[in-house]
Amino acid sequence: NTSIMLLTKFAKISNSIILVNTFIPSKENLDDGNYDNALSFFDQALSIEPLNPDLWNLKGIALRSLGRYDEASYCYNKSLEIEPRDTESS
């Protein structure tokens, strides 16, 4: 029982580290206008934390910047579905 709890805790920490390591480059790429690269990192981050409204919103921003409006709209709606009071959703 203790082993399972420790493994679960380790998995959460590992996922958090991976998420940080994917979020930082994705945000940097977005800020630098490298939208395709940003999308790749956002997809990786969302595979780890699919219920993060901020990630969905940022992915939407990258898609919108690429002129992919329908996909961007889906991401914004997903963000709001997860967190209806998300004031950051574009």
Side-chain angles (χ1 to χ4, degrees):
N1 208 7
T2 303
S3 297
I4 293 171
M5 287 175 34
L6 287 174
L7 285 174
T8 302
K9 192 172 197 171
F10 177 74
K12 288 180 181 178
I13 292 169
S14 294
N15 281 346
S16 295
I17 291 169
I18 292 167
L19 185 61
V20 167
N21 287 337
T22 57
F23 179 78
I24 292 171
S26 62
K27 186 68 169 95
E28 288 174 350
N29 277 293
L30 184 64
D31 292 343
D32 292 342
N34 300 319
Y35 305 118
D36 286 317
N37 289 341
L39 277 178
S40 176
F41 284 110
F42 287 130
D43 285 337
Q44 289 175 35
L46 283 165
S47 72
I48 296 165
E49 198 170 322
L51 297 178
N52 184 317
D54 297 325
L55 291 174
W56 282 106
N57 189 55
L58 290 168
K59 181 179 178 179
I61 292 170
L63 288 164
R64 183 185 66 208
S65 298
L66 290 168
R68 295 164 59 180
Y69 302 113
D70 290 339
E71 293 169 272
S73 180
Y74 172 83
C75 291
Y76 299 141
N77 287 330
K78 186 71 175 171
S79 175
L80 289 170
E81 177 185 309
I82 295 165
E83 179 54 60
R85 297 182 189 176
D86 184 6
T87 59
E88 297 298 318
S89 184
S90 294

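No hydrogens, no waters, no symmetry mates; every other heavy atom, side chains included, goes into these values. In this chain, numbering begins with 1 at the start of the sequence shown.
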| Heavy-atom side-chain contact between Asn29 and Tyr35 under 4.5 Å | no
Minimum heavy-atom distance between [X] and [Y], given as atom pair plus value:
X     : Y     : result
Arg64 : Tyr76 : NH1-OH, 3.2 Å
Ala72 : Gly60 : CB-O, 3.3 Å
Glu49 : Leu55 : O-CD1, 3.9 Å

Approximate separation, where rounding is to 0.5 Å, of [X] [atom1] and [Y] [atom2]:
X     : Y     : atom1 : atom2 : result
Phe42 : Ile61 : CZ    : CD1   : 7.5 Å
Glu83 : Asn52 : CD    : CG    : 10.5 Å
Ser79 : Asp54 : OG    : CG    : 6.5 Å
Leu39 : Leu66 : CG    : CG    : 5.5 Å
Asp36 : Ser65 : CG    : OG    : 11.0 Å
Leu30 : Lys59 : CG    : NZ    : 13.0 Å

| query | Passes side-chain contact (heavy atoms from CB on, under 4.5 Å), Tyr74 versus Trp56? Steps please. | reply | CA-CA 9 Å; Tyr74 172 83; Trp56 282 106; 3.9 Å; yes
| query | Does a sphere of radius 6.0 Å around CG in Asp70 hold more than 12 heavy atoms from other residues, nucleotides or ligands, not counting ones at 6.0 Å or beyond? | reply | no
